[in-house]
J.: 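Mind having a look at this structure? Questions to follow.
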There are 2 protein chains.
Amino acid sequence: MIQQASPSAPAAPGMAADLAASRRREADAALAELGHASTAARRAIVEAMIASGRLETPEQLLHDAREKAPATSLATVYRTLERLDAAGRIKRATLASGAVGYGFCGTGHHEHAICLRCGLLQPIRPCLVSDAPDLAGFQVSSHVLDFYGLCARCASEAGATSSGSAEAEGTGRPA
Amino acid sequence: MIQQASPSAPAAPGMAADLAASRRREADAALAELGHASTAARRAIVEAMIASGRLETPEQLLHDAREKAPATSLATVYRTLERLDAAGRIKRATLASGAVGYGFCGTGHHEHAICLRCGLLQPIRPCLVSDAPDLAGFQVSSHVLDFYGLCARCASEAGATSSGSAEAEGTGRPA
DNA sequence: CTGCAAATGCGACTCATTCTCAATACGGAC
DNA sequence: GTCCGTATTGAGAATGAGTCGCATTTGCAG
């Protein structure tokens with residue numbers, strides 16, 4: 001239900017190889033950081049998330065991951081998401097289509113801009129919320145600030161064709 | 001799984017009656033605003049949400065609503081939540097316990113402080129995010145800023161008893 | 001008071017997510 | 001490089017929140 005922009009097939013020759021290599025490195029780093037074993041399935045899942053840069057459904061992640069690790073199962077996708085989430089490396093959001101998408105985010109606190117049409121997950125650094133307001137004794141331990149809307153590409157596409165081509169209809173309001 | 005602070009039994013005599021009356025008025029206003037019929041079940045559900053001022057699970061809302069409208073069913077709770085949500089009067093969040101809670105919020109855009117322990121939903125007005133940052137062509141249509149932590153009461157209780165008394169354990173990180 | 005559209009309750013249903021468990025792969029020790 | 005204990009995996013069953021269909025009831029305009 002969410003668009004898939006970048007190819008997740010084995011890297012094409014040329015400069016694309018650098019990108020693929022850097023993805024692989026980032027995926028390995030993330031897995032190593034978790035302190036868990038680096039298995040083919042986990043690597044494939046994390047690389048797929050990094051490569052897409054979007055919020056994707058578990059089904060999509062499974063599909064993408066299977067290009068590199070064909071035996072991967074949905075249960076493993078969920079288990080991997082769970083571990084990444086525990087490490088704070090996952091952004092989860094419901095898109096306009098109603099689908100729940102999971103996206104990979106880098107380390108450290110930051111905000112996100114989320115395209116409701118294609119699921120693009122755009123990090124915003126540094127954090128925009130420096131000081132919590134006075135809340136009558138409320139002890140703030142964390143905050144979440146997400147911007148929802150249309151990414152540059154989807155905005156122009158939606159402008160050209162009045163009816164979006166993506167499945168996600170737009171209420172403009174995240175769930 | 002979420003604490004219930006204020007009694008939802010028929011209003012006690014005295015000044016509590018004013019509160020109950022104002023809740024009833026607010027509930028009626030919200031329903032009228034929706035342009036839908038004001039039925040006993042809907043009134044009971046909305047009044048329960050307003051009275052609690054917290055994020056509550058559909059099951060809890062059903063339980064609370066049944067004190068005023070005993071025949072209410074879970075399906076009606078969900079249908080009412082759906083209608084309120086369509087009108088932007090609902091805040092939905094996953095608490096630390098993993099339970100999904102629904103809370104009633106007033107009209108107009110505002111932020112929220114959410115107690116991860118008891119589900120308290122504290123509105124923050126006015127909106128703190130005046131201008132969206134430049135996001136390379138990203139068209140922001142809305143944003144969500146939530147503060148998570150402990151309300152004044154839960155903070156002091158958690159401070160007194162090192163192990164919280166509420167069911168919701170605290171990872172300190174919202175889902 | 002009447003009639004009808006809207007709303008309800010019930011129970012069946014869907015489907016995302018989690019669990020179980022035997023088989024397998026990982027990675028440190030040798 | 002090989003071996004072994006343990007973490008991980010895949011498959012399918014199980015769970016449970018949320019939705020749907022439909023006969024019945026209710027709100028409310030006339």
Side-chain angles (χ1 to χ4, degrees), chain A residues 1-2 27-28 30-46 48 55-87 90 92-95 97-103 119 167 175, chain B residues 1-2 24 27-28 30-48 55-63 65-87 90 92-95 97-103 119 175:
Chain A
M1 308 193 174
I2 306 172
D28 278 340
L31 288 173
E33 183 197 325
L34 292 184
H36 296 302
S38 168
T39 66
R42 283 186 190 162
R43 251 174 285 131
I45 293 164
V46 175
L55 298 176
E56 303 218 49
T57 64
E59 297 283 355
Q60 287 174 310
L61 288 173
L62 175 63
H63 175 264
D64 296 353
R66 280 186 168 164
E67 293 190 5
K68 294 198 171 175
T72 306
S73 75
L74 193 54
T76 298
V77 171
Y78 278 107
R79 282 185 287 233
T80 303
L81 286 173
E82 185 184 354
R83 284 173 166 89
L84 290 169
D85 183 46
I90 286 290
R92 183 199 140 120
T94 305
L95 298 201
S97 66
V100 175
Y102 297 82
E167 293 95 299
Chain B
M1 307 194 171
I2 305 172
R24 221 169 298 130
D28 278 341
L31 288 173
E33 184 197 326
L34 293 183
H36 296 302
S38 168
T39 66
R42 283 187 189 162
R43 250 175 286 131
I45 294 165
V46 175
E47 281 181 35
L55 297 176
E56 303 219 49
T57 64
E59 297 283 354
Q60 287 174 309
L61 288 173
L62 175 64
H63 176 264
R66 279 185 168 164
E67 292 190 5
K68 293 198 170 174
T72 307
S73 75
L74 192 55
T76 297
V77 171
Y78 278 109
R79 282 185 287 234
T80 303
L81 286 173
E82 185 185 352
R83 284 173 166 91
L84 291 170
D85 183 47
I90 286 291
R92 185 198 137 117
T94 306
L95 298 202
S97 67
V100 175
Y102 298 82

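Throughout, protein chains are lettered first and strands after them, A, B, ... in sequence-line order, and every chain is numbered starting at 1. The figures that follow rest on heavy atoms only: side chains count, while hydrogens, waters and symmetry mates do not.
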J.: Of the non-hydrogen atoms in A/Arg79 and A/Ser73, which two are nearest, and what is the gap between them?
T.: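 Between these two residues, the closest heavy atoms are NH2-OG, 4.5 Å.
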J.: Between B/Val77 and B/Pro58, what is the shortest heavy-atom contact and its length?
T.: CG1-O, 3.9 Å
J.: How bent is the helix from C/dC1-D/dG30 to C/dC30-D/dG1, comparing axes over its five end pairs at each side, to the nearest 10°?
T.: 40°
J.: Looking at every non-hydrogen atom in both residues, tell me the closest pair between A/Ala44 and A/Ala69 and how far apart they are.
T.: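 That would be CB-CB, 3.8 Å.
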J.: On DNA chain D, nearest-nucleotide positions of B/Ser38 versus B/Pro58: which is more 5'?
T.: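 Whichever sits nearer the 5' end wins; that is B/Pro58.
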J.: Nearest whole angstrom, please: distance from the P of C/dG11 to the CG of B/Leu62.
T.: 14 Å
J.: Might you point out which heavy atoms bring A/Ile90 and A/Asp85 nearest each other, and give the distance in Å?
T.: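 So the minimum-distance heavy-atom pair works out to CG1-N, 3.5 Å.
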J.: So which atom in B/Thr76 and which in B/Ala41 form the shortest heavy-atom distance, rounded to 0.1 Å?
T.: CG2-CB, 3.9 Å
J.: Within the 4.0 Å limit for protein heavy atoms, which parts of nucleotides 8-14 of chain D are touched? Write it as a string from 5' to 3', B for base, S for sugar-phosphate only, - for none.
T.: SBBB---
J.: Looking only at heavy atoms, what is the nearest atom pair of A/Glu56 and A/Ala48, with distance?
T.: OE2-O, 4.3 Å
J.: Does a side-chain N or O of B/Tyr102 approach OP1 or OP2 of D/dG18 to a distance below 4.0 Å, or not?
T.: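 Result: yes.
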J.: Taking only side-chain N and O atoms of A/Tyr78, does any of them lie within less than 4.0 angstrom of OP1 or OP2 on C/dT17?
T.: yes
J.: CG of A/Leu61 to CG of A/Leu55: how many Å apart, nearest 0.5 Å?
T.: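 Spacing of CG (A/Leu61) from CG (A/Leu55) equals 10.0 Å.
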J.: Do A/Ser38 and A/Arg43 get their side chains close enough for a donor-acceptor pair, meaning under 3.5 Å?
T.: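 Looking only at side-chain atoms, A/Arg43 and A/Ser38 do form a donor-acceptor pair, the distance falling under 3.5 Å.
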J.: Mind calculating the distance between CD1 (B/Ile45) and P (C/dA7) to the nearest angstrom?
T.: 13 Å
J.: Just jot down the side-chain contact (heavy atoms from CB on, under 4.5 Å) partners of A/Arg66, sequence neighbours excluded, or say none.
T.: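 Testing A/Arg66 for side-chain contact (heavy atoms from CB on, under 4.5 Å), a comparison that skips the adjacent residues, returns A/Leu62, A/Thr72.
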J.: Once you round it to whole Å, what is the distance between P of D/dC28 and CZ of B/Arg43?
T.: 7 Å
J.: Check the distance between D/dG18's P and B/Glu82's CD and give it to me in whole angstrom.
T.: 12 Å
J.: May I have the distance from A/Asp85 (atom CG) to C/dA16 (atom P), rounded to whole angstrom?
T.: 19 Å
